[in-house]
Amino acid sequence: MSASRPPSTINLSVARLRAGGHAPRIAVLLGSGWGPFAARVQDAVTLTYAELPAFPAPAVGGHAGRVLLGRIGPHEVAVLAGRAHAYETGAPDGMTGAIRTLAALGVQVLVQTNAAGSLDPAMPAGTPMLVSDHLNLPQRSPLAGPAGPAGDDRFVSMVDAYCPRLRAQARALAARAEVPLAEGVYAWVLGPQFETPAEIRMLRALGAQAVGMSTVPETILARHAGLRVLALSLVTNMAAGLSDEALSHAHTLSAAAAAGARAADLLQAIVAGLEV
Ligand code: HPA
């Protein structure tokens, strides 16, 4: 537990989420393009991040985040719409309180989603990609800083950070839904600027298939908290230098919106079918 974030904010957040009457074992963190999934949650009770003191405040000019508690298929879920990005403050620990609240609530699996640029010509815009592993390019960690209480082990193994068993289930569920699902390594960059073509050549040489500005800090936090992680990227563009397309945040959002309904179908099939 971070020394800078008193446990009471987490306890208070847990209490407010529990008051919804749900006991989620799966949490889904929605990134750009995956927003339509929120409408798939049945019997949803919604809280804003502003009601949850351990959750991040909205970025300047951004929308308030919200948590939906409800059901997807047989599972009780907590769906988080909105995440703090490291590029907003320079600090990678904006989701620390939120992830620790989920763990304290009894969540065992974190399903992450994001928008990403593709480094692989076989993965054009609109392709969903299962994250097999990641590259923490900025080499920043939300666990860095003063030690927590005695017994808190921050030296977390990142082998199998993306649970092999959950990945096998996701592959099988996508196949059953007849949705082609790519798989590859996600390279985290700090952003907010896009990459140079030289950086993209470097990332390809390092073995990445996708690049994006999120997800990795939350995976580290979730593994530290004992959660298993599954992550899905939605390709919104070919990365810099790989096509003539001009990159912009507006383009990311419009490409994500174009693929959003199909992405939500896939995510629904995967979450409903997971064996937790
Ligand atoms: N680079 C980094 N982050 C991204 C991209 C990209 O090309 N597309 C969507 N998120």
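In each ligand, atom 1 is the first atom listed, and ligand 1 is the first ligand listed. Because only heavy atoms are used, hydrogens play no part in the values below, and waters and symmetry mates are left out as well, while side chains stay in.
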J.: Do Q112 and T219 have side-chain atoms, one donor and one acceptor, less than 3.5 Å apart?
T.: yes
J.: Indicate yes or no: at least one non-hydrogen side-chain atom of F194 is less than 4.5 angstrom from one of V211.
T.: no
J.: Identify the heavy atoms of T127 and P124 that sit nearest to each other, and give their distance.
T.: OG1-O, 2.6 Å
J.: Look at atom 3 (N) of ligand 1 and say which protein heavy atom is nearest, naming residue and atom and giving the distance to 0.1 Å.
T.: G212 CA, 3.4 Å
J.: Does any non-hydrogen side-chain atom of I220 lie less than 4.5 Å from one of V156?
T.: no
J.: Within the 4.0 Å heavy-atom shell around E195, which atoms of ligand 1 are there?
T.: 1 (N), 2 (C), 6 (C), 7 (O)
J.: Look only at interatomic distance and state if L247 has a nitrogen or oxygen under 3.5 Å from any nitrogen or oxygen of ligand 1.
T.: no
J.: When you look at Y162 and H134, which way does the ring pair (Phe, Tyr, Trp, His ring centres under 6.0 Å) test go after all the steps?
T.: CA-CA 9 Å; Y162 301 89; H134 73 226; 5.6 Å; yes
J.: Backbone, side chain, both or neither: what part of A116 comes under 4.0 angstrom of ligand 1, heavy atoms only?
T.: backbone
J.: When you measure from atom 4 (C) of ligand 1 to every protein heavy atom, which one gives the shortest distance, and what is it?
T.: V211 O, 3.7 Å
J.: List every atom of ligand 1 that sits less than 4.0 Å from any heavy atom of N237, numbering the atoms from 1 in the order shown and giving each element.
T.: 5 (C), 6 (C), 7 (O), 8 (N), 9 (C)
J.: Nearest to atom 5 (C) of ligand 1, what protein heavy atom do you find, and at what distance?
T.: G117 N, 3.4 Å
J.: Is ligand 1 under 4.0 Å from a heavy atom in the side chain of N114, in the backbone, in both, or in neither?
T.: neither
J.: Side chain or backbone of T236 under 4.0 Å from ligand 1, or both, or neither, by non-hydrogen atoms?
T.: side chain
J.: Just jot down the ligand 1 atoms closer than 4.0 angstrom to any heavy atom of A115, in number order.
T.: 9 (C), 10 (N)
J.: Is it true that E51 and T48 share a donor-acceptor pair across their side chains at a distance under 3.5 Å?
T.: yes
J.: Are any of the side-chain heavy atoms of L135 and V185 separated by less than 4.5 Å?
T.: yes
